[in-house]
Amino acid sequence: MYHFKNDYGMGANPAVLDALISANADICDGYGEDDHCRRAAELIRELCATPNAEIHFLSGGTQTNLTAIAAFLRAHEGVIAVDGGHIADNETGAIEASGHKIITVPAENGKITPDKVLATMAHNCDERRVKPRLLYISDATETGTIYTKSELSALREVCDRHDLYLYLDGARLAQAIASPASDITLADIAALCDSFYIGGTKNGLLFGEALVIVNDALKPDFRYVLKQRGAMLAKAHAIGIQFEALMSNELWLKLARRANAMAAYLRESLSALGVQFAYDSPTNMLFPIFGKDFATGLERDFAFHRMGVTSDGRVICRLVTSWLTATDECDALIECVKSRMAGGGYQAREGEYPDRAILSEEYLSHKQPPHSAAITPDNYTELNSAVIGRWVDDNWVWGQEITREIYENAKRGSWDVLLTPTKPVPHEWFPPMEGAKVLGLACGGGQQMPIFTVLGAECTVLDYSEKMLAKDRLVAEREGYDIEIIKADMTKRLPFDDDAFDLIFHPISNCYISSESVHHVWRECFRVLKRGGILLAGLDNGFNFLFDTYERPLTVQNTYPFDPLKNPEQMAKLIANDDGIQFSHGIDEQIGGQLAAGFRLTNVFDDLDTADFGDYPGYWATRAVKE
């Protein structure tokens, strides 16, 4: 049986299990006063940018909602929530059992809107009725939809106007924030909500949620209520250990992205078959609509929930993917739907159902990652484009556009640009820039091209990431200059005539293309440069590909060269970490390739990777001329 019922039915992510095993012999103080809980809480405060927030670790979502709302409200106060909200529809009256009425309102695409809150406040306006005191929302919602920052800000404004607490159920908060459709961060959530929780049970933990209390008025005596409600665990360190692992190295986002990516794959594939969906969910829950008999047929091989019936009698189903969902499970469902739509009699083949124990073991040992079978030399750059877009959303250093101050300083003659992480390119490496035609190759991000326009160059930027190009577009519109922006893949023929440019500026980026493509790029650079034109390139020298982790002393963990298209184990590591598809390149490809294309090398320097290695040079920059 293939399981799409939930995202908490499996065990814990390997990193979480490793953390629990490593700390198993630790003797800890009880009730959340141990070092693990303290360290986990500090990690959460840092991510939330709330140094004074209180963090409490509870075992599950219902327990967290019940304890928080019981602590926050007085006896005559109630909660506003949508009619399909978890506290209203899935928690057996837990909130009402604590003495607080839930005032439900109709949802719009799973969400509550300010006008619904205002209408509720107008109706519950005197002492004859329960006084609304807390607005409950969830993100992602029960229909997989998410709140935008503007929507959450509008709710915050209504809450401030009517003296309401804003409380967010974050059972799938990671999936909401990790969604490509999201424009909100954990710090935004903390700034706009009085309290919320970060779900772990549905995102790679064995169990556990982290309740964050931001509003000082809600903090006093909370531990008393925690204890009274049976939510204060003697072994709270078991949750603290898990959150230490989850909130380190962006694991919480990586796991959520994996779950979302599997759902996106299903959504796109089923949509292509003509399947309709009840809700437009950008997270890891999908709500396809099937005929009654069709749904019954699917249930013989696939486990999912029935959520309701449409007006014409069709069934609204719920499919949920997780960090452990594998591509072959999705493919099996797609094949079954396709076969049944075509009138075929899909039957699960003998032995087709995955042995979850075996699949889990293979996943833990990184031998069979999701997605890997679908990645080929023909499509890996498409995956990289999507991955880089997510990095930009997460404030990737190469995707941070320059500030107005930096732009104005350049106008005054004070400027530097980077090909590699830390060392500025010497000014003497550049040709006269006034009127020069400059190509920024794989150079989106809004960092270098604005400087070159200040120097008088006519700039073109080419990148395959729309979000990187958006940063160049943003700066150009902000500062009022013209730039040609082209979305294209440098592994293909460049869309320019021969002898078109005086300068090509190519920061570190060919680590995301194969060896064959690196040689192609150098040949294309030579073709589109004028005679006497200059190629400035930032190069990864391959050193960092030897390691998966950078704790000292450094320990070699990978074979060299690093080529995931030829090495499934390397592919698995990249997919598991959402690192895109990367490749090592030696001096023969990086510098030898330029020489073979016809360039003359005129200068070179190396640079340090301060973020990971500090004192080890991991990069080169080269200056080459087309003669």
Side-chain angles (χ1 to χ4, degrees), residues 1-9 61 81-90 104-113 137-148 151 169-176 178-182 199 202-203 256-323 325 329-338 340-341:
M1 178 67 71
Y2 294 98
H3 291 272
F4 292 96
K5 271 193 172 182
N6 59 58
D7 43 11
Y8 51 83
V82 295
D83 47 16
H86 205 271
I87 61 171
D89 200 38
N90 285 278
T104 59
V105 299
E108 293 187 14
N109 203 24
K111 296 182 279 189
I112 195 167
T113 56
I137 62 174
S138 57
D139 199 21
T141 70
E142 293 300 300
T143 60
T145 55
I146 62 175
Y147 285 90
T148 65
E151 289 172 333
D169 180 326
R172 294 186 176 94
L173 183 57
Q175 289 85 339
S179 168
S182 174
K202 296 174 180 176
N203 193 36
R257 288 182 188 128
R258 290 174 64 85
N260 288 350
M262 287 287 89
Y265 176 52
L266 267 180
R267 180 170 55 248
E268 293 166 7
S269 300
L270 295 177
S271 295
L273 295 175
V275 174
Q276 295 179 318
F277 292 85
Y279 306 101
D280 185 17
S281 164
T283 55
N284 68 317
M285 291 192 293
L286 303 177
F287 298 85
I289 301 172
F290 296 119
K292 183 178 179 181
D293 292 340
F294 197 103
T296 300
L298 288 179
E299 286 174 321
R300 287 198 289 268
D301 301 307
F302 302 91
F304 54 85
H305 282 294
R306 295 184 179 221
M307 303 302 293
V309 180
T310 64
S311 58
D312 59 359
R314 292 181 296 160
V315 179
I316 300 173
C317 304
R318 189 187 78 163
L319 306 175
V320 186
T321 56
S322 77
W323 63 272
T325 301
E329 296 173 274
C330 296
D331 287 339
L333 177 61
I334 295 162
E335 180 187 345
C336 180
V337 172
K338 184 176 181 180
R340 292 188 182 279
M341 281 185 164

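Since the structure is predicted, the reported quantities are computational estimates derived from the model, not experimental observations. This chain uses plain numbering: 1 for the first residue, then up along the sequence.
- Judged by distance alone, the side chain of N284 and the main-chain N or O of T321 form a donor-acceptor pair under 3.5 Å.
- The closest donor-acceptor contact from the side chain of S179 to the backbone of A176 lies at 3.5 Å or more, if one exists at all.
- Closest of all the heavy-atom pairs between G144 and T283 is O-OG1, 2.7 Å.
- Every residue two or more places apart in sequence or in another chain that forms a side chain to side chain donor-acceptor pair (under 3.5 Å) with R314 is listed here: Q276, D312.
- With hydrogens and angles ignored, the 3.5 Å screen pairs no side-chain donor or acceptor of D7 with any backbone N or O of V320.
- With a 4.5 Å cut-off on side-chain heavy atoms, Y2 and L333 do not count as touching.
- At a threshold of 4.5 Å between non-hydrogen side-chain atoms, the residues N90 and E142 count as touching.
- Under the side-chain contact (heavy atoms from CB on, under 4.5 Å) test applied with S138, the options D169, T143, L173 reduce to a single match, D169.
- Shown here for I87 and A81, the closest heavy-atom pair between the two residues is CD1-CB, 4.1 Å.
- D89 meets the side chain to side chain contact (heavy atoms under 4.5 Å, CB included) test with no other residue; sequence neighbours excluded.
- Atom CD of E299 sits about 11.0 Å away from atom NE2 of H305, to the nearest 0.5 Å.
- Distance check, rounded to the nearest 0.5 Å: SG of C336 to CZ of R300 gives 8.5 Å.
- Between the Y265 side chain and the D331 main chain, no donor and acceptor come within less than 3.5 Å of each other.
- The shortest side-chain heavy-atom distance between L273 and M341 falls under the 4.5 Å cut-off.
- Annotation for R340 and G297: closest pair NH2-O, 3.4 Å, computed over non-hydrogen atoms.
- Of the possible donor and acceptor atoms, one in the side chain of Q175 sits under 3.5 Å from a partner among the backbone N and O of K202.
- Smallest separation of non-hydrogen atoms from N203 and G199: CB-O, 3.9 Å.
- A pairwise comparison of heavy atoms in I316 and T310 identifies CG1-CG2, 3.8 Å as the closest pair.
- Between I289 atom CD1 and M307 atom CE the span is 13.0 Å, to the nearest 0.5 Å.
- Nearest heavy atom pair, residue K292 against residue R306, reads O-NH2, 4.0 Å.
- For the pair L270 and F277, the minimum side-chain heavy-atom distance is below 4.5 Å.
- By the side chain to side chain contact (heavy atoms under 4.5 Å, CB included) test, F290 is found to be paired with V275, P288, F294, A295, L298, C317, V337, residues two or more places apart in sequence or in another chain being considered.
- Rounded to the nearest 0.5 Å, atoms CD (E151) and CD1 (I112) are 12.0 Å apart.
- Between atom CE of residue M262 and atom CG of residue L286 there is a gap of 11.5 Å, rounded to the nearest 0.5 Å.
- Separating the CZ atom in F287 from the CG atom in L319 is a distance of 9.0 Å, to the nearest 0.5 Å.
- With ring centers used as reference points, F4 lies 6.0 Å or more from F304.
- Within 6.0 Å of the CG atom in D83, the count of heavy atoms belonging to other residues, nucleotides or ligands exceeds 12.
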